[in-house]
Amino acid sequence: MEILKKNSVRILQILGILIALFLIVSFIGGYWFGWTWTGFGDYVAPTLAEGQEFQRRKTLWDWMGLLIIPIVLAGGTIWFNKQERKSESAIANDRLREAALQDYFSHMSALLLEKELRTSESDSEVRAVARARTLTALRMLDKERKRSLIRFLYDSKLINTNEPVISLSESDLQGVNLHWIYLGGINLRWADLKGADLSLATLNGAYLSMTDISGSNLHQVDLGGTDLTMANLQGADLSEATLHNANLRGADLTEANLRAANLIEADLHGARINSDQLAQARSLQGTIMPDGTIHG
């Protein structure tokens, strides 16, 4: 079915190109070579004797004028139907995402209350099931529902420590909206947070080593004391961010915006960052610089 649809689209594209070429050739022929049947260019009526009537034969231009209204109507109908199908598809997808989130909450609640997930052994089957369900749900959800899922895990104390009950490594958190949220001490090691909105969030003491936060909005975020070793912060907006005592060893800060950022006593040893970026920071007091020296 999919192959048939692609072939139909290809045929329509070829047909459209041929029609366009035909009209271009007709236009040139009508204006430059005097092809009267096209209706393009100047037209000189024949001289008639008194009392005679002459009716000009319909030209290509005339037929185009007759067909333009039904073509426009047909095109408008096709466009409207297409937009309607898109809207119906969007509504259906939204319902599926909401159902997936509610199903996730239901199953996780059962694992917490009936299977004692929070106090289970690190290599237990219940933890493996919980992690698998979590990673699957995150791949299905949009950025707002991902926020709800993360809030649920955090409030349930499943991702709040150096050794979390549920590891979110390799989880899909791209574009997640965590704006103005408190998630102190959260563990998101190895997670994919590309393009996320973390502006004004409080993530002090979080575990974000090896996390991909490239291109994210971290404006005024609180990352004080956070472990960001080897994190990918390429192109991230860290303007006015609090990075006091943060561990940024080996982090990639290429093209990151550090305007008015607080880097007091932060560890930048081995980090990829240049002097122009550092010059934008609000404070570098006691900061360990990329070459290992301590800023005066």
Side-chain angles (χ1 to χ4, degrees), residues 93-179 181-198 201-218 221 223 225-233 236 246-247 250-252:
N93 287 335
D94 189 68
R95 288 174 177 168
L96 284 173
R97 293 189 186 103
E98 183 61 27
L101 181 62
Q102 296 306 319
D103 182 63
Y104 174 79
F105 286 157
S106 176
H107 281 91
M108 289 299 294
S109 297
L111 294 179
L112 282 165
L113 299 174
E114 299 170 15
K115 302 296 183 180
E116 299 181 345
L117 172 63
R118 194 180 292 110
T119 57
S120 60
E121 296 294 328
S122 59
D123 60 347
S124 63
E125 183 180 355
V126 65
R127 288 199 181 192
V129 171
R131 172 171 157 79
R133 281 193 172 277
T134 300
L135 297 185
T136 301
L138 284 171
R139 283 193 292 270
M140 296 177 63
L141 302 180
D142 55 17
K143 60 184 181 180
E144 297 298 335
R145 291 184 173 90
K146 286 180 181 181
R147 177 190 178 99
S148 298
L149 188 149
I150 293 298
R151 178 87 266 176
F152 171 82
L153 292 176
Y154 185 83
D155 291 342
S156 300
K157 296 179 172 55
L158 298 174
I159 53 172
N160 307 44
T161 65
N162 188 31
E163 298 294 336
V165 175
I166 297 177
S167 170
L168 290 179
S169 63
E170 302 178 16
S171 60
D172 181 4
L173 290 169
Q174 289 190 44
V176 64
N177 177 14
L178 296 177
H179 170 74
I181 193 173
Y182 178 83
L183 296 170
I186 191 172
N187 192 324
L188 294 172
R189 282 198 189 100
W190 288 92
D192 186 353
L193 281 158
K194 286 193 292 287
D197 184 1
L198 297 163
T202 301
L203 301 173
N204 58 302
Y207 302 93
L208 299 172
S209 58
M210 307 297 291
T211 301
D212 188 350
I213 324 175
S214 57
S216 295
N217 181 4
L218 297 160
V221 68
L223 291 168
T226 297
D227 179 10
L228 287 155
T229 54
M230 304 294 290
N232 182 1
L233 290 156
N247 186 352
D252 190 348

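Here the structure is a predicted model, which is why all the values come from computation and not from measurement.
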Using 0.5 Å steps for rounding, measure from the [atom1] atom of [X] to the [atom2] atom of [Y].
X: Asp192; Y: Asn232; atom1: CG; atom2: CG; answer: 9.5 Å
X: Ile159; Y: Leu168; atom1: CD1; atom2: CG; answer: 5.0 Å
X: Asn160; Y: Ile186; atom1: CG; atom2: CD1; answer: 7.0 Å
X: Ile166; Y: Asn187; atom1: CD1; atom2: CG; answer: 12.0 Å
X: Thr229; Y: Met210; atom1: OG1; atom2: CE; answer: 7.5 Å
X: Asn204; Y: Leu223; atom1: CG; atom2: CG; answer: 8.5 Å

Under the side chain to side chain contact (heavy atoms under 4.5 Å, CB included) criterion, do Arg97 and Asn93 qualify, and how do the steps go?
CA-CA 6 Å; Arg97 293 189 186 103; Asn93 287 335; 3.9 Å; yes
Please give me the minimum heavy-atom distance between [X] and [Y], naming the atom from each residue.
X: Ala201; Y: Leu178; result: CB-O, 3.4 Å
X: Leu141; Y: Lys146; result: O-CE, 3.2 Å
X: Leu208; Y: Ala231; result: O-CB, 3.7 Å
X: Lys143; Y: Gly175; result: CB-O, 3.1 Å
X: Asn162; Y: Pro164; result: O-CD, 3.3 Å
X: Ser167; Y: Arg131; result: O-NH1, 2.5 Å

Is there a donor-acceptor pair closer than 3.5 Å between any side-chain N or O of [X] and the backbone N or O of [Y]?
X: Arg189; Y: Tyr207; value: no
X: Ser169; Y: Trp190; value: no
X: Arg151; Y: Ile181; value: no
X: Arg127; Y: Ser120; value: yes
X: Ser171; Y: Leu138; value: no

Sub-4.5 Å side-chain heavy-atom contact between Ser209 and Met230
no
A side-chain contact here means heavy atoms from C-beta on lying under 4.5 Å apart; do Arg133 and Asp103 qualify?
yes
Counting only heavy atoms from other residues, nucleotides and ligands, does the tally under 6.0 Å from CD of Glu116 exceed 12?
no
Verify side chain to side chain donor-acceptor pair (under 3.5 Å) between Thr134 and Tyr104, making sure each step is shown before the conclusion.
CA-CA 8 Å; Thr134 300; Tyr104 174 79; 2.7 Å; yes
Criterion side chain to side chain contact (heavy atoms under 4.5 Å, CB included) on Ile213 and Leu198, from CA distance to verdict:
CA-CA 10 Å; Ile213 324 175; Leu198 297 163; 4.0 Å; yes
Pair Met108, Leu153 - check side chain to side chain contact (heavy atoms under 4.5 Å, CB included), show working.
CA-CA 9 Å; Met108 289 299 294; Leu153 292 176; 4.3 Å; yes
Pair Asp172 + Arg139: basic N to acidic O under 4.0 Å
no
